[in-house]
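To start, the structure under review is shown below, and the notes come after it.
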Amino acid sequence: MKNKISAIIEKSVNFCAEQKLLGAMNLPYIEVDVPANTDHGDYASNIALILASGAKQNPRKIAQIIQENMADPENIIARTQIAGPGFLNFFIKDNIWQQTLQVIEEQKENFGRSSLGNGKKVQVEFVSANPTGPLHIGHARGAVVGDVITNLLTTVGYAVDKEYYINDAGNQMNNLGKSVLLRYRELLGEKIEFPETCYRGNYIKDIAANVISKEGNIYLAADEGKTISYLTGIAGQSILKEIQDDLRDFGVTFDHYFSEKELYINNGVANLLESLRKKNFVYSDGETLWFKTTDFGDEKDRVVIRKNGEPTYFAADISYHQNKFSRGYEMIIDIWGADHHGYMPRLWAGIQSLGYDKEALKIILVQLVNLLRDGVPVAMSTRSGEFVTLREVLDEVGKDAARYNFLMRRSDSHLDFDLEIAKKQSNENPVFYVQYAHARICSILRMSQQEHGIALPVYKDINPALLNEPEEMTLIKFMSRYPEVIEGAAKSLEPHRITFYLNELASVFHSFYNKNKVISDNRELTVARLFLIKAISIVLGNALKILGVNAPDKM
RNA sequence: GCGCCUGUAGCUCAGCUGGAUAGAGCAACGGACUUCUAAUCCGUUGGCCGAGAGUUCGAAUCCCUCCAGGCGCACCA
């Protein structure tokens with residue numbers, strides 16, 4: 001609809017230019033907005049204001065010229081007006097809006113889908129937490145954002161894969177094995193001092209106890225290096241399994257789990273660095289190998305091979321991103337905790353040195369979650385074992401409420417998550433407001449069939465012109481904008497726009513519901529309204545599906 | 001010290017990339033269940049958009065300078 005309006009304007013402006021009705025100018029991008037105030041029409045354009053500044057003419061006069069030369073071949077415009085400093089306002093005919101209902105009926109669960117992405121291959125990498133402990137509340141936000149961005153991009157026609165990078169080659173994993181060994185010894189009677197670098201959560205004890213019950217005390221005497229590497233493997237696998245289970249129950253699944261170790265197969269990392277050295281992006285100072293990230297705007301160069309000969313995380317990460325591109329992805333999206341933001345220039349330097357466009361790697365920073373209990377900050381540390389796990393949040397608040405909660409804010413805004421409030425307010429959580437709207441509609445549809453014997457109508461059997469109450473027109477117009485909302489959210493990678501849309505759609509529906517009866521003695525009107533609310537339930541359902549939130553039939 | 005994010009109603013946050021009178025939810029107050037689900041609806045109160053200058057027809061939005069909070073600034077990941 002928006003596109004039709006801008007096409008009409010463009011045609012008129014071009015015509016006026018040819019006829020020399022307007023002064024010399026070049027045609028700017030034609031902006032069409034939905035005004036905040038409905039008195040200003042269904043759509044409004046500031047085109048005359050834009051042209052006026054270049055042409056040094058009165059904007060209202062320009063608007064008038066454009067208005068007088070407008071053609072409306074499809075006959076969709078009821079009237080236009082010139083308002084304020086020179087806005088051109090458009091009022092669309094009711095029957096045009098009402099046709100949206102037919103589109104929704106035809107497309108059903110596909111309403112809102114588009115081919116914007118053109119099948120382009122995209123990869124979204126997120127969570128990627130080291131398997132050194134269970135996921136905590138801080139990981140949950142990034143998990144939902146990544147998951148929903150994937151759904152969004154899929155909805156608008158991209159071919160999207162979700163990937164989890166398992167960071168299992170560094171010394172943090174080694175510390176994990178060491179921690180298990182220490183607990184193992186402790187459980188077998190030794191007195192143990194735990195170093196700072198070790199993990200102390202109870203899950204470590206569980207793993208150690210499990211090893212004892214299966215294999216006994218044979219590792220007390222065994223070679224320590226081998227034992228640690230063995231225990232690292234055991235612990236890593238068991239923790240990763242737990243992470244996958246937690247994510248699954250949170251509604252998040254992945255297409256690939258990519259192990260950092262794969263990068264080192266066939267000297268992959270070393271070969272990459274060698275090729276970069278030939279291209280002069282890497283230099284040695286005798287002891288360490290440096291990457292010239294300053295060539296790409298970073299504040300200083302970065303180490304890729306340490307004094308001890310080990311490659312850094314950064315070195316592996318360049319290799320990882322090269323691997324991603326080599327798999328044919330045209331766009332790569334990384335979702336990080338905001339505490340990693342300082343790392344961005346480095347990685348961009350890395351992919352540019354490989355010849356890829358900086359724009360091809362989009363990095364979304366998700367601000368950290370500030371965890372509170374009754375207003376008091378809760379200390380969070382994987383190492384000390386003091387944290388609230390994703391599992392606990394799921395048990396306390398539930399999947400739907402937790403997901404919706406994280407999706408209600410822009411990713412880059414800080415988020416306070418108070419456990420007590422989250423629990424207390426779970427009944428007043430906006431997610432229920434939206435779900436309730438869906439359940440209410442389902443209930444009415446059930447009632448109409450079971451109690452009144454009215455079958456679900458099809459579009460050709462209703463008279464859409466009867467749906468002319470203000471609330472009904474608002475609902476229809478609002479639903480017809482759904483595809484634009486999805487497209488906007490996908491383009492800007494901002495899932496929160498959908499939750500705001502949903503809240504508003506639910507709100508308009510609840511108002512309508514309280515003011516008007518769907519099922520009444522007027523059969524013709526009843527049928528039309530049943531069709532209307534069915535359409536609403538489709539839109540609610542489609543949007544909730546993108547969010548990964550359930551749309552219940554009853555509550 | 002340098003960099004990134006944030007600052008909008010008492011609280012939590014939107015504000016469609018520069019538009020018309022800045023909006024929701026919660027909280028507070030007053031109303032609506034003999035009715036398709038009251039987990040709902042209707043109404044009232046509440047604002048110097050952190051501060052100051054600038055850009056133009058027009059600024060919460062863009063530029064600059066401050067102030068405040070968060071997070072980074074490793075041969076950790």
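Here the structure is a predicted model, which means the values were calculated and not measured. In what follows, chains are A, B, ... by sequence order, proteins preceding strands, each numbered from 1.
- Among the protein residues, Asn516(A) comes within range of the nucleic acid bases, having at least one heavy atom under 4.0 Å from a base atom.
- Considering only side-chain atoms of Lys517(A), the nucleotide from rU35(B), rG72(B), rA38(B) that sits closest is rU35(B).
- When the nucleotides rG19(B), rC75(B), rC4(B) are ranked by their closest atom to the side chain of Thr288(A), rC75(B) comes out on top.
- The backbone N or O of Asn522(A) lies less than 3.5 Å from a partner atom in the side chain of Thr526(A), making a donor-acceptor pair.
- Side-chain to base pairing of Asn46(A) with rG19(B): one donor and one acceptor N or O lie within less than 3.5 Å of each other.
- Counting distance only, with no hydrogens placed and no angle test, the side-chain atoms of His340(A) and the base atoms of rG72(B) include no donor-acceptor pair under 3.5 Å.
- Side-chain atoms of Gln172(A) and Thr132(A) include no donor-acceptor pair closer than 3.5 Å.
- The aromatic ring of Phe87(A) sits over the base of rA20(B), with ring centres less than 5.5 Å apart and planes tilted by under 30°.
- Glu299(A) comes within 4.0 angstrom of the backbone, heavy atoms only, and of no base.
- The residue Asn37(A) sits close to a base: some heavy atom pair falls under 4.0 Å.
- Residue Tyr513(A) has a polar side-chain atom (N or O) positioned under 4.0 Å from OP1 or OP2 of rA38(B).
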Pairing of RNA chain B as dot-bracket, 5' to 3': ( ) intra-strand, [ ] crossing, | other strand, . unpaired, with Watson-Crick or G-U pairs under 3.5 Å? (((((((..((((.....[...)))).(((((.......))))).....(((.(..]....).))))))))))....

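- Looking at heavy-atom distances under 4.0 Å, Met447(A) makes contact with sugar-phosphate atoms alone, never a base.
- In this structure, the side chain of Ser507(A) does not engage the main chain of Asn503(A) through any donor-acceptor pair within 3.5 Å.
- Side-chain contact check for Tyr320(A) and Glu163(A): at least one donor-acceptor pair (N or O, by modelled atom type) lies under 3.5 Å.
- An aromatic stack links His40(A) and the base of rA20(B), using centre distance under 5.5 Å and interplanar angle under 30°.
- The separation of rA68(B) from rA27(B), taken at their C1' atoms, amounts to 26 Å, rounded to a whole angstrom.
- Here the two rings, on Phe296(A) and Phe281(A), have centers that are under 6.0 Å apart.
- Using a 4.0 Å heavy-atom distance criterion, Ala437(A) is classed as making no nucleic acid contact.
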